Amino acid sequence: MLSNVVIQGSFSLTRRRYEQIFSELIQSLAENPSLWGYRRTESSQTPYEVDSTLPGTPFNLHLIGSGAINIPEELSNVLSKHVELTYPEFYALMSKTDVCVPAFSSTAYYVSQASSTFATCLESNVPILVTNRMKASYTYADESRVTMNRPAAMGEIAAVQALRSGSAESFWASSQVPYNPQVRDHVDRMMRDGWYRSKQGFQDFKKGIFDANERVMERILRDL
């Protein structure tokens, strides 16, 4: 079961959609806390707690980065913030997560500024939840062995919820998106492919990149 999702990078709201992610997760928790492995409490400080009577692992959203960020009270038991990690700690934690959500809010990450998130996830064997726009900008990672492709009409949390539960029915029931057969087909493909990506798939993919780089270096050296 998809349980550990990571957003990696600066905690700047101008760089990543933290507020939107938090809002979408809070709404989904309110509608169905058990889907995420939680139950409501009587406390206003920690409205949700892990429901140990449920099967599977409770959902946890890991924020790995730097800077300050306010965590909503509703998510105090659902989010884990990690700062000032050593390199070994950083990569050990990354490798234990199931899926990475880039959550880009800045258009710069698509046109002028490369994000380290893609390279970090590939190095850590963590599949990345992408859109077609992301794949067009990060063409080296346009490969189903290392990514999951969601339609842009489907938010990150809606996609994570569908992949965790194995059903996109909640998205269709609550979506304000007019019926579109292309979006339907896109969601169906995402669900068929699922979220798990094998380590062997990552290794084979990275070997292809290394081999291609080596061939380029050989051509450059021959031209010197």
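None of the values given here were measured: they were computed from a predicted structure.
For the pair Met154 and Met190, the minimum side-chain heavy-atom distance is below 4.5 Å. Annotation: side chain of Leu75 is in contact with side chain of Leu25 (closest heavy-atom distance under 4.5 Å). Within the 4.5 Å cutoff, side-chain heavy atoms of Val187 are placed close to those of Pro151. Inter-residue side-chain proximity for His62 and Ser80 is flagged as met; some heavy-atom pair is nearer than 4.5 Å. With a 4.5 Å cut-off on side-chain heavy atoms, Leu13 and Glu19 count as touching. You'll find the side chain of His186 reaches within 4.5 Å of the side chain of Asn149, heavy atoms only. No side-chain heavy atom of Arg150 sits under 4.5 Å from any side-chain heavy atom of Leu163. Residues Pro72 and Ile26 have side chains in contact (heavy-atom distance under 4.5 Å, counting atoms from C-beta outward).
Between Gly56 and Met1 the shortest heavy-atom distance is CA-SD, 4.5 Å. Of all heavy-atom pairs between Glu73 and Pro47, the closest is O-CD, 3.4 Å. Residues Gly201 and Arg145 come closest through the heavy atom pair O-CD, 3.9 Å. What you find for Pro58 and Gly37 is that their closest heavy atoms are CB-O, 3.8 Å. The minimum heavy-atom distance between Gly166 and Met191, with the atom names listed, is C-CE, 3.4 Å. Nearest heavy-atom pair across Asn32 and Ser34 is OD1-OG, 2.9 Å.
Note that CZ of Phe202 is 9.0 Å distant from OG of Ser124, once rounded to the nearest 0.5 Å. Distance check: Gln8 CD to Leu63 CG gives 11.0 Å after rounding to the nearest 0.5 Å. Atom-to-atom distance recorded for Tyr18:OH and Ile71:CD1 is 9.5 Å, nearest 0.5 angstrom. To the nearest 0.5 Å, atoms CG (Leu61) and CZ (Phe22) are separated by 6.5 Å. Taken from CD in Gln27 to CD in Glu74, the straight-line distance is 12.0 Å, to the nearest 0.5 Å. Note that the OG1 atom of Thr41 and the CG atom of Asp51 stand 12.0 Å from one another [nearest 0.5 Å].
Between the side chain of Lys206 and the backbone N or O of Leu122 there is at least one donor-acceptor pair closer than 3.5 Å. Judged purely by atom type and a 3.5 angstrom limit, Arg164 uses its side chain to pair as donor or acceptor with the backbone of Leu35. Listed for the Asn77 side chain is a donor-acceptor partner under 3.5 Å among the backbone atoms of Tyr48. Side-chain atoms of Arg197 come within 3.5 Å of backbone atoms of Ser144 as a donor-acceptor pair (strictly under, hydrogens ignored). For Thr147 (side chain) and Val130 (main-chain N/O), no donor-acceptor pair under 3.5 Å exists by modelled atom type. Judged purely by atom type and a 3.5 angstrom limit, Asp98 has no side-chain atom pairing as donor or acceptor with the backbone of Val5.
When the side chains of ILVMFWY residues are joined at heavy-atom separations under 4.5 Å, either directly or via intervening members, Val99 and Phe205 end up in two distinct hydrophobic clusters. Under the 4.5 Å side-chain heavy-atom criterion for grouping Ile, Leu, Val, Met, Phe, Trp and Tyr, Tyr38 is not connected to Leu54 through any hydrophobic cluster. No single ILVMFWY cluster, assembled from side-chain heavy atoms under 4.5 Å apart, contains both Met134 and Val101. Side-chain heavy atoms closer than 4.5 Å link hydrophobic residues (I, L, V, M, F, W, Y) into clusters, and following such links, possibly through other members, connects Ile209 to Ile128. Residue Val160 is grouped with residue Ile7 when hydrophobic side chains (ILVMFWY) are merged at heavy-atom distances under 4.5 angstrom, including chains of intermediate members.
Contact check on Arg16 versus Glu156 returns no salt bridge, with no Lys/Arg side-chain nitrogen under 4.0 Å from an Asp/Glu carboxylate oxygen. Taking a cutoff of 4.0 Å between a charged side-chain nitrogen and a carboxylate oxygen, Asp211 and Lys207 qualify as a salt bridge.
In the model, Ser28 has a side-chain atom that pairs as donor or acceptor with a side-chain atom of Gln161 under 3.5 Å. When only modelled atom types and interatomic distance are considered, Ser165 and Ser167 share no side-chain donor-acceptor pair under 3.5 Å.
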- Task: Would you sort out whether Val183 and Trp172 count as a side-chain contact (heavy atoms from CB on, under 4.5 Å), showing the intermediate values?
- Result: CA-CA 11 Å; Val183 174; Trp172 295 120; 3.9 Å; yes
- Task: Apply side-chain contact (heavy atoms from CB on, under 4.5 Å) to Cys100 and Thr117, showing your working.
- Result: CA-CA 8 Å; Cys100 175; Thr117 292; 3.5 Å; yes
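The neighbour count for Glu218 CD, taken as heavy atoms of other residues, nucleotides or ligands under 6.0 Å away, is above 12. Shown here is Asn70, whose CG atom has no more than 12 heavy atoms of other residues, nucleotides or ligands within 6.0 Å. Heavy atoms from other residues, nucleotides or ligands lying under 6.0 Å from CD of Glu84 number 12 at most.
In the hydrophobic clustering (ILVMFWY side chains linked at under 4.5 Å, chained through shared members), Ile64 is joined by Val6, Leu85, Tyr87, Phe90, Tyr91, Leu93, Met94, Val126.
Residues passing the ring-ring contact (aromatic ring centres under 6.0 Å, His included) test with Phe104 are Tyr109, Tyr110, sequence neighbours excluded.
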